[in-house]
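These notes are about the structure you will find just below.
Every chain is numbered from 1 and lettered A, B, ... according to where its sequence line falls, protein lines coming before strand lines.
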2 protein chains.
Amino acid sequence: MQLNQATDYAFRVVLYLARLPIGEVASGLIIAESQNIPRRFLQKIMRLLAAAGLVKSYRGAVGGFALARRAEAITLYDVIVAMEGPLGIHRCLTDRSVCNRHCGEECPVHQALAATQDRLAADLAEVTFAALAAKTNNFNRG
Amino acid sequence: MQLNQATDYAFRVVLYLARLPIGEVASGLIIAESQNIPRRFLQKIMRLLAAAGLVKSYRGAVGGFALARRAEAITLYDVIVAMEGPLGIHRCLTDRSVCNRHCGEECPVHQALAATQDRLAADLAEVTFAALAAKTNNFNRG
DNA sequence: CCAATGTATACTGAACCGGTATAATATTAA
DNA sequence: TTAATATTATACCGGTTCAGTATACATTGG
């Protein structure tokens, strides 16, 4: 019931990219050093974020990464799904047969957890990186 | 970001015990067979539930397990914490130094996830096993 | 060309997961 | 007292995931 380290890193990466001037790219090395992320490990993270369409990559000598869309359109939920796959707090909710094995079609545990998961997802989807970046700016200036 | 199999089983166990007549105990064997849980594995689960004070155990020839308090006073949240320890969807929230390593004292990612986690916990703590047991009765009778 | 970048794949040690095994301890009934 | 039925404690095991590393390759700008 915990987000993994790679997702943790991914939050920082996206937040970092969200604060870059539009049109600017950051190389993997710059991102890794500024965020204290092992450089090799960062490559894995960037590949997942790129595959999910959250960041764009630019190869070559002055390549790097930038957000693939506006920071207003990227949420905590997006990053979590990109890194860890579809949200599924319980086996019931990803594999229906798990639930049925124990308590039949209309399992009350399933129902309660499904409702909880939906609220969690909605909650996470309300937090955009534009909002997070704005907060970062505030306390950095203060 | 997923509850593990043992927690899954634990939900079923507590729900099962919640439906027993008050004063009745169920042996590990009975619980295991009725809920399709490997018998040996169930022992681990019961130990955690007992250690958390959710169930009471009775040793000896006619021993077994029963809820340690009323089903109205046991929630999904209680069982999750008993099985997996304190809720911590993000490292930030259990180990503050993780957060600070990346973005200083007032990390916006930390704040957003903390708020989300609080809502998740509150959500889970609203679902009692008395309520779940009542639903179980309904669809079993229908 | 060549240096700087991202891409792809595979590896590794440690931890965790799901489950099993065995021996010990406690209680009850005969 | 003894046998049967329970829970308790501890250790083990194979497989998967986690966090990170290594290596070889492809692309681009100068």
- Message: Walk along nucleotides 9-19 of chain C from 5' to 3' and tag each nucleotide B, S or - by protein heavy-atom contact under 4.0 Å, base first, then sugar-phosphate.
- Response: BB-------SB
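Note: CG (A:Asn36) to P (D:dA19) measures 17 Å, nearest angstrom. Computed from coordinates, the A:Ile45 CD1 to C:dG6 C1' distance equals 15 Å when rounded to whole Å. D:dT7 atom C1' lies 14 Å from atom CG of B:Leu49, rounded to whole Å. The distance from atom CD of A:Glu33 to atom P of C:dT5 is 10 Å, rounded to the nearest whole Å. Between the P atom of D:dT16 and the CD atom of B:Gln2 lies a distance of 16 Å, rounded to the nearest Å. In this structure, the CZ atom of A:Arg39 is 14 Å from the P atom of C:dT7, given to the nearest Å. The interatomic distance linking A:Met46 (CE) with D:dG20 (P) rounds to 16 Å, in whole Å. What separates CD1 of A:Ile37 from P of C:dG6 is a distance of 13 Å, to the nearest Å.
Put simply, A:Ser57 has a side-chain N or O that comes within less than 4.0 Å of OP1 or OP2 on C:dT7.
At a threshold of 4.0 Å, the pair B:Arg119-A:Asp123 counts as salt-bridged, since one of the basic side-chain nitrogens sits closer than that to a carboxylate oxygen.
Across all non-hydrogen atoms, the minimal contact from A:Asp78 to A:Ala73 is OD2-O, 3.6 Å. B:Phe11 and B:Phe129 make their closest contact through O-CE2, 3.5 Å (heavy atoms, listed as atom of the first residue, atom of the second, distance). The minimum heavy-atom distance between B:Pro108 and A:Leu15, with the atom names listed, is CG-CD2, 4.2 Å.
No side-chain N or O of B:Thr128 forms a donor-acceptor pair with one of B:Glu72 less than 3.5 Å apart.
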Check nucleotides 24-27 of chain C for protein N or O atoms closer than 3.5 Å to its own N or O atoms and list the pairs.
unit_1, atom_1, unit_2, atom_2, d
C:dT25, O2, B:Arg59, NH2, 2.8
C:dA26, O4', B:Arg59, NE, 3.3
C:dA26, O4', B:Arg59, NH2, 3.3
C:dT27, O2, B:Ala61, N, 3.1

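A donor-acceptor contact shorter than 3.5 Å is absent between the side chain of B:Thr7 and the backbone of B:Leu3.
The shortest side-chain heavy-atom distance between B:Val25 and B:Ser57 does not fall under the 4.5 Å cut-off.
Here the CG-CG distance, from A:Leu76 to A:Leu132, works out to 5.5 Å after rounding to the nearest 0.5 Å. The CD atom of B:Gln5 sits 8.5 Å away from the CD1 atom of B:Ile37 when rounded to the nearest 0.5 Å.
Position along DNA chain D of the nearest nucleotide to B:Gly64 versus A:Leu42 favours B:Gly64 as the more 5'-ward residue.
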